[in-house]
Amino acid sequence: EGKWNRWNVISKAWEPLDQDPPRPIGLYAGIGATRLSSRAENAIRGLYPQVPRLRVGLVGLGAIGSYVAEVLRDGQHVPNAVLAAALVQRPRPERPACCDSTCLVTTDLEAFMDTDWNICVEAAGQPWIRENAHRVLAAGRDLLVTSVGAFT
């Protein structure tokens, strides 16, 4: 309970939310920042055709990973990105609903690393980061880490 908090600018303290926060819509300036104006959002969206398409390699399809996969699949929130591969811990009898038919879903780290993606989004936990982050970075790929406790 109380897993979500918000920063109260008046008391300058974290306060628990009574419910889950709303899903983000549109573009935001940083984590937890206010929504951008429609003019700023349109200016940023105008840059999308100039930016190379992000091909995401996602590690983990638990609560965080599934949410990331759904956001990428809908194409609304991150229109210049696609889920290229998902590395899961255990085989699944059916393809996860959050992964379309073009996405490789595998338990094999080598197959995952051989897939054409340019950014790895980790949603698997600290042990995965400790054991495999160096391989992602050594391959010249970007790595977005959610399990930041691995750095302590």
Side-chain angles (χ1 to χ4, degrees), residues 1-7 14-36 41 44-152:
E1 321 268 349
K3 64 180 182 177
W4 295 103
N5 296 296
R6 70 170 172 218
W7 181 255
W14 288 102
E15 299 175 345
L17 284 176
D18 297 331
Q19 61 202 25
D20 285 348
R23 289 187 145 200
I25 55 171
L27 293 173
Y28 288 77
I31 297 173
T34 57
R35 183 168 160 69
L36 294 175
E41 185 171 339
I44 291 171
R45 287 193 189 280
L47 298 174
Y48 284 156
Q50 302 168 21
V51 177
R53 188 166 181 91
L54 284 178
R55 296 187 47 79
V56 177
L58 178 62
V59 180
L61 281 177
I64 295 171
S66 294
Y67 180 76
V68 170
E70 287 174 18
V71 168
L72 290 172
R73 184 173 183 187
D74 82 9
Q76 297 291 318
H77 295 27
V78 191
N80 207 30
V82 64
L83 182 59
L87 180 64
V88 296
Q89 191 172 17
R90 289 177 290 283
R92 296 170 181 229
E94 296 179 7
R95 173 174 287 282
C98 57
C99 299
D100 66 25
S101 61
T102 63
C103 172
L104 170 72
V105 179
T106 184
T107 59
D108 181 6
L109 179 61
E110 297 307 319
F112 176 76
M113 292 297 294
D114 288 342
T115 305
D116 180 26
W117 48 264
N118 51 18
I119 183 168
C120 178
V121 176
E122 172 276 322
Q126 296 177 25
W128 193 91
I129 289 296
R130 289 187 192 111
E131 295 168 16
N132 300 293
H134 67 282
R135 291 192 63 191
V136 172
L137 298 172
R141 293 167 160 172
D142 293 328
L143 176 61
L144 188 149
V145 176
T146 64
S147 302
V148 295
F151 301 123
T152 59

Pair listing, ring-ring contact (aromatic ring centres under 6.0 Å, His included) test, anchored in residues 116-138, at least two apart:
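Counting only pairs at least two positions apart or across chains, the ring-ring contact (aromatic ring centres under 6.0 Å, His included) contacts touching residues 116-138 are Phe112-Trp117.
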Identify the heavy atoms of [X] and [Y] that sit nearest to each other, and give their distance.
X      : Y      : answer
Thr115 : Leu104 : OG1-CD2, 3.1 Å
Ala123 : Gly65  : CB-N, 3.7 Å
Arg135 : Met113 : O-CE, 3.6 Å
Pro91  : Thr107 : N-CG2, 3.5 Å
Cys98  : Ser66  : CB-O, 4.0 Å

Do side-chain atoms of Arg95 reach the backbone of Val105 as a donor and acceptor pair under 3.5 angstrom?
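Answer holds: no.
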Taking Thr146 for the side chain and Glu122 for the main chain, is one N or O donor matched with an acceptor at less than 3.5 Å?
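Flag set: sc Thr146 to bb Glu122 pair under 3.5 Å.
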Step by step, work out the side chain to side chain contact (heavy atoms under 4.5 Å, CB included) result for Leu61 and Cys99.
CA-CA 10 Å; Leu61 281 177; Cys99 299; 3.9 Å; yes
Starting from the C-alpha separation in whole Å, work towards a yes-or-no answer on side chain to side chain contact (heavy atoms under 4.5 Å, CB included) for Leu83 and Asp100.
CA-CA 8 Å; Leu83 182 59; Asp100 66 25; over 6 Å; no
Mind checking what makes side chain to side chain contact (heavy atoms under 4.5 Å, CB included) contact with Glu131, not counting sequence neighbours?
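Pro127.
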With side chain to side chain contact (heavy atoms under 4.5 Å, CB included) as the criterion, how do Asn118 and Leu54 come out once you've worked through the C-alpha distance, each side chain's angles and the decisive distance to 0.1 Å?
CA-CA 7 Å; Asn118 51 18; Leu54 284 178; 3.9 Å; yes
Do the side chains of Arg55 and Asp116 get close enough for a salt bridge, i.e. N-O under 4.0 angstrom?
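Result for this pair is yes, salt bridge flagged.
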Can a side-chain donor-acceptor contact be found between Thr106 and Asp108 if the only test is distance below 3.5 angstrom?
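No - no donor-acceptor pair under 3.5 Å links their side chains.
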Between atom CG of Leu58 and atom CD1 of Ile119, what is the distance when rounded to the nearest 0.5 Å?
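If we round to the nearest 0.5 Å, Leu58:CG and Ile119:CD1 are 11.0 Å apart.
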